[in-house]
Amino acid sequence: MSARKQERQTKSESDFFHNVYEVVRLIPVGRVTSYGAIASYLGSKRGARMVGWALGNSYLHEGVPAHRVVNKAGVLTAKLLFETPTTMEDRLADEGVEVSNDQIQNLDKYFWDPDKELS
DNA sequence: GGTATGACTGTAT
DNA sequence: GATACAGCCATAC
């Protein structure tokens, strides 16, 4: 229906950004998710790059635990964007997530799927 | 308005 | 099994 298109136009500001921040904030402590999971939840399965890109700007938005967002392999791809290369894994470790060599251990155990948790 | 880029993901070779 | 390429969506120049 055209209603959907109209709705999107109304929120054409950057609903994708806002949605990303909202979802990331909802990630429970000690849990992590992937860009693809968020993108899929937002309706763009292939929009994972946008999620990462959006989070790249999230450093301007406080309250957005970007350190809880990693790629599907559980690798801390964004650690280099933090204040220090160890900030990301240090924060995750502090939350109880096992991180080793820039990669989350037992990812399946800590993985948080917004599509399932927020359904 | 077209081109380039990006914290990704999946398929193909 | 690992590497290479393409796809996909949105923003910036």
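Computed from a predicted model, the values in this text were never measured in an experiment. By convention in this document, chain letters (A, B, ...) are assigned in the order of the sequence lines, proteins followed by strands, and residues within each chain are numbered from 1.
A ring-centre distance under 6.0 Å is found for A:F17 and A:W53.
Spacing between atom CZ of A:R46 and atom P of B:dT5 amounts to 23 Å, rounded to whole angstrom units. Atoms CD (A:E83) and C1' (B:dA7) sit 16 Å apart, rounded to a whole Å. Whole-Å rounding puts the A:N19 CG to C:dA10 C1' distance at 13 Å. For the pair A:L55 CG and B:dA7 C1', the computed distance is 7 Å after rounding to whole Å. Whole-Å rounding puts the A:H18 NE2 to C:dT11 P distance at 14 Å. Separating the OH atom of A:Y21 from the P atom of B:dA7 is a distance of 14 Å, rounded to the nearest angstrom.
For the pair A:E117 and A:R31, the salt-bridge criterion is not met [side-chain N within less than 4.0 Å of a carboxylate O].
Remark: the backbone N or O of A:A54 is paired with a side-chain donor or acceptor of A:Y21 at under 3.5 angstrom. For A:R68 (side chain) and A:I27 (main-chain N/O), a donor-acceptor pair under 3.5 Å exists by modelled atom type.
Within the nucleic acid shown, A:A66 comes within 4.0 Å of at least one base atom, counting heavy atoms only. Here A:G56 lies in heavy-atom contact (under 4.0 Å) with a base. If you check every strand for non-hydrogen atoms under 4.0 Å, A:V70 touches nothing.
Within residues 88-115 of chain A, no residue has any heavy atom under 4.0 Å from DNA chain B.
With sequence neighbours excluded, the residues satisfying side-chain contact (heavy atoms from CB on, under 4.5 Å) with A:T84 are A:T86, A:T87. Scored by the side-chain hydrogen bond (donor to acceptor under 3.5 Å, both in side chains) test, A:N106 finds A:E98 as partners (sequence neighbours excluded). By the side-chain contact (heavy atoms from CB on, under 4.5 Å) test, A:T77 is found to be paired with A:Y35, A:N71, A:V75, residues two or more places apart in sequence or in another chain being considered.
Comparing B:dG10, B:dA7, C:dT11 against the side chain of A:F17 picks out C:dT11 as the nearest. Checking B:dT9, B:dC8, C:dA12 against every side-chain atom of A:S34, the shortest atom distance belongs to B:dT9. Checking C:dC8, C:dA12, B:dA7 against the side-chain heavy atoms of A:W53 singles out C:dA12 as nearest. In this structure, of B:dA7, C:dC8, B:dT9, it is B:dA7 that holds the atom nearest to the side chain of A:A78. Across B:dT9, C:dT11, B:dA7, the shortest atom-to-atom separation from the side chain of A:N71 is found for B:dT9.
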Would you tabulate the nitrogen or oxygen pairs shorter than 3.5 Å linking the protein to nucleotides 11-13 of chain B?
none

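Nearest heavy-atom pair across A:E95 and A:H67 is OE2-NE2, 3.1 Å.
Pairs passing the ring-ring contact (aromatic ring centres under 6.0 Å, His included) check and including a residue from residues 76-119 of chain A, sequence neighbours excluded, do not occur.
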